Participant: 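One structure, as structure tokens, below. Some questions next.
Since the model is a prediction, treat every value here as computed from it, not as a measurement.
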Amino acid sequence: MPKAAETGSAADFLPPRLNLTALREAATGCRGCHLWQVGTQTVFGEGARDAQVMFVGEQPGDQEDKAGKPFVGPAGRLFDQALDQAGIDRSLAYVTNVVKHFKWQARGKRRIHQKPNWSEIAACRPWLEAELALVRPRVLVCLGATAAQALLGRQFRVTRKRGKPVESDLAPVVLATVHPSSILRADEDDRAAELAAFVSDLKTVAAHLS
């Protein structure tokens, strides 16, 4: 049975035998940090077990929290559009987030995204490490600053190194780009150019896939 209070790490909830199905089931009972009390449900990663590419975002959003699936809201739909333009089949990819619960603050009737802090990221990291160990993607893509800094170090700046492979032992090819939600937040006049730049980064990803 899940523990009633937070333990400080998802490591306490990892199943004895690691496979994606067991991980996903175990994660539903995670009490590694207080965010299990904030989100509606755990939103675990999804995709092919033998995916060549893994995309890692920050955390599920409002619609992902309700659906229990990653990247299905407005940013997810934009992500799908960009993948299609770059020639990447999402069904052959694995998509997940650094943090598996939606952190939000009420603003009227709306639930507004709040950035997870480092203790929440650290508490959730065992899930992501297990996903990486099982999928073993050829290409790992960090979407946005939170994912990039969580995996590549706090000093990493997406604005300086976006779309360029960086040295890392996490995967043969590792790179970072913006999160698609940042494109939705851009001024309308800049949105087309931001989307084109994002697609360009994804084409770099596609070039590394066999």
Participant: Less than 4.0 Å between a side-chain N and a carboxylate O, is that true for D65 and R111?
Facilitator: yes
Participant: Hydrophobic cluster membership, with links at side-chain heavy-atom distances under 4.5 Å among I/L/V/M/F/W/Y: are I121 and V174 in one?
Facilitator: yes
Participant: Using modelled atom types only, decide if a donor and an acceptor are shared between the side chain of R49 and the backbone of L20 within a distance under 3.5 Å.
Facilitator: no
Participant: Run C124 and V98 through side-chain contact (heavy atoms from CB on, under 4.5 Å) and show every step you take.
Facilitator: CA-CA 7 Å; C124 207; V98 170; 5.9 Å; no
Participant: Look only at the side chain of S9 and the backbone of A11, and say whether a donor-acceptor pair between them is shorter than 3.5 Å.
Facilitator: yes
Participant: Decide yes or no for L175 and V205: does some side-chain heavy atom of the first lie under 4.5 Å from some side-chain heavy atom of the second?
Facilitator: yes
Participant: Just checking, any donor-acceptor pair under 3.5 angstrom between side chains of Q59 and H113?
Facilitator: yes
Participant: Linking I/L/V/M/F/W/Y whenever their side-chain heavy atoms sit closer than 4.5 Å, directly or via other members, would V135 and L18 fall into one cluster?
Facilitator: yes
Participant: Pairing donors with acceptors under 3.5 angstrom, does anything connect the side chains of H101 and Q41?
Facilitator: no
Participant: Within the structure provided, determine whether V178 and L143 are in side-chain contact (heavy-atom separation under 4.5 Å).
Facilitator: no
Participant: Compute both the distance and the angle, then confirm whether R110 meets the cation-pi test with W104: under 6.0 Å from the six-membered ring centre, within 45 degrees of the axis.
Facilitator: no
Participant: Can you list every ring-ring contact (aromatic ring centres under 6.0 Å, His included) pair that touches residues 163-202, not counting sequence neighbours?
Facilitator: F71-H179
Participant: Side chains of L202 and F55, heavy atoms from C-beta outward: is any pair under 4.5 Å?
Facilitator: yes
Participant: Is a salt bridge present between R125 and E131, judged by a nitrogen-to-oxygen distance below 4.0 Å?
Facilitator: no
Participant: I want to check something: taking the side chain as every heavy atom from C-beta on, are M54 and V56 in contact at a cut-off of under 4.5 Å?
Facilitator: yes
Participant: Enter the distance from K164:NZ to T177:OG1 here, rounded to the nearest 0.5 Å.
Facilitator: 12.0 Å
Participant: Do you know which two heavy atoms are closest between A147 and G57, and how far apart they sit?
Facilitator: CB-O, 3.7 Å
Participant: Do R157 and R162 touch side chain to side chain, with heavy atoms closer than 4.5 Å?
Facilitator: no
Participant: Compare all side-chain heavy atoms of L78 with those of D80 and state whether any distance is below 4.5 angstrom.
Facilitator: no
Participant: In terms of side-chain geometry, is the basic nitrogen of D187 or R191 positioned less than 4.0 Å from the acidic oxygen of its partner?
Facilitator: no
Participant: Specify the closest pair of heavy atoms between A122 and P126, including all atoms of both residues, with the distance to one decimal.
Facilitator: O-CD, 3.7 Å
Participant: Same cluster for V72 and L184 if Ile/Leu/Val/Met/Phe/Trp/Tyr side chains link at under 4.5 Å?
Facilitator: no
Participant: Among the clusters formed by ILVMFWY side chains lying less than 4.5 Å apart, do Y94 and L23 turn up in the same one?
Facilitator: yes
Participant: Rounded to the nearest 0.5 Å, what separation is found between the CG atom of N117 and the CD atom of E120?
Facilitator: 3.5 Å
Participant: So V95 and R90, do their side chains get closer than 4.5 Å, heavy atoms only?
Facilitator: yes
Participant: Salt-bridge test for K115 and E58: reply yes if a basic N is under 4.0 Å from a carboxylate O, no otherwise.
Facilitator: no
Participant: Restricting to non-hydrogen atoms, name the atom on W127 and the atom on P15 that form the minimum distance, rounded to 0.1 Å.
Facilitator: CZ3-CD, 4.4 Å
Participant: If you take all heavy atoms of V43 and P70, which pair is closest and at what distance?
Facilitator: CG1-N, 3.6 Å
Participant: S181 and R185: side-chain donor and acceptor closer than 3.5 Å?
Facilitator: yes
Participant: Less than 4.0 angstrom from a charged side-chain N to a carboxylate O is my criterion; do E64 and K69 meet it?
Facilitator: no
Participant: Same cluster for L83 and L92 if Ile/Leu/Val/Met/Phe/Trp/Tyr side chains link at under 4.5 Å?
Facilitator: no
Participant: How long is the span from the CD atom in E129 to the CG atom in L151, to the nearest 0.5 Å?
Facilitator: 9.0 Å
Participant: To the closest 0.5 Å, what do you measure between OG (S200) and CG (L195)?
Facilitator: 11.0 Å
Participant: How far apart are the closest heavy atoms of L140 and A171, and which atoms are they?
Facilitator: CB-CB, 3.9 Å
Participant: For the NZ atom of K100 and the SG atom of C30, what is their distance to the nearest 0.5 Å?
Facilitator: 10.5 Å
Participant: Would you check if L132 and R136 make a side-chain contact, meaning some heavy-atom pair closer than 4.5 Å?
Facilitator: no
Participant: Can you name the closest pair of heavy atoms from N97 and P60 and give their distance?
Facilitator: ND2-N, 3.6 Å
Participant: Which value, rounded to the nearest 0.5 Å, describes the distance between Q114 atom CD and F102 atom CZ?
Facilitator: 9.0 Å
Participant: What residues form a side chain to side chain contact (heavy atoms under 4.5 Å, CB included) with K203, not counting sequence neighbours?
Facilitator: A86, V199
